[in-house]
Amino acid sequence: MTLALGAEAHAATCKSYRSCREAVIAWCAGRHPRADGDNDGIPCENVCRSRADVVAIMAEIGCSR
């Protein structure tokens, strides 16, 4: 499965993302590699509240980061 990337996946900072899905897409695609600054597996904690949410989105988009 390929990643579905839209314009929303090109945000420059975590504050630019409107949803966890947008943040995970960018993070998985390598467009925002430092989104998970504390290396806990949760990128952009301002929009992604739990690892379970991130894992579910990763599974949906085919990311195996």
Side-chain angles (χ1 to χ4, degrees):
M1 178 181 236
T2 59
L3 297 176
L5 300 175
E8 67 277 352
H10 300 283
T13 68
C14 285
K15 290 180 181 180
S16 301
Y17 299 113
R18 294 171 292 178
S19 70
C20 184
R21 183 175 185 83
E22 288 179 357
V24 172
I25 288 170
W27 181 58
C28 284
R31 288 193 164 90
H32 197 165
R34 293 186 289 161
D36 182 18
D38 60 2
N39 294 315
D40 64 356
I42 305 171
C44 298
E45 293 177 15
N46 61 309
V47 290
C48 294
R49 302 294 180 198
S50 75
R51 177 75 176 136
D53 290 344
V54 172
V55 169
I57 294 166
M58 289 171 65
E60 288 174 23
I61 65 172
C63 175
S64 59
R65 216 179 145 80

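All values reported here derive from a predicted model rather than from experimental measurement. Each residue takes its place number in the sequence, starting with 1.
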I42 to C48 - nearest heavy-atom pair and separation: CG2-O, 3.4 Å
Non-hydrogen atoms of M58 and V24 that approach each other most closely: CG-CG1, 3.8 Å
Taking the two cysteines C28 and C63, do their sulfur (SG) atoms come closer than 2.5 angstrom to each other? yes
Using 0.5 Å steps for rounding, measure from the OG atom of S19 to the CG atom of D53. 11.0 Å
Please report the shortest heavy-atom distance between P43 and W27, naming the atom on each side. CG-CE3, 3.5 Å
Take C14 and H32, measure what side chain to side chain contact (heavy atoms under 4.5 Å, CB included) needs, and give me the verdict at the end. CA-CA 9 Å; C14 285; H32 197 165; 3.8 Å; yes
For the student: nearest non-hydrogen atoms of V47 and A23, plus distance: CG2-CB, 4.0 Å
What are the two closest heavy atoms between Y17 and A26, and how far apart are they? OH-CB, 3.2 Å
Pair R51, D40 - check side chain to side chain contact (heavy atoms under 4.5 Å, CB included), show working. CA-CA 8 Å; R51 177 75 176 136; D40 64 356; over 6 Å; no
OG of S50 to CD of E45, rounded to nearest 0.5 Å, is 10.5 Å
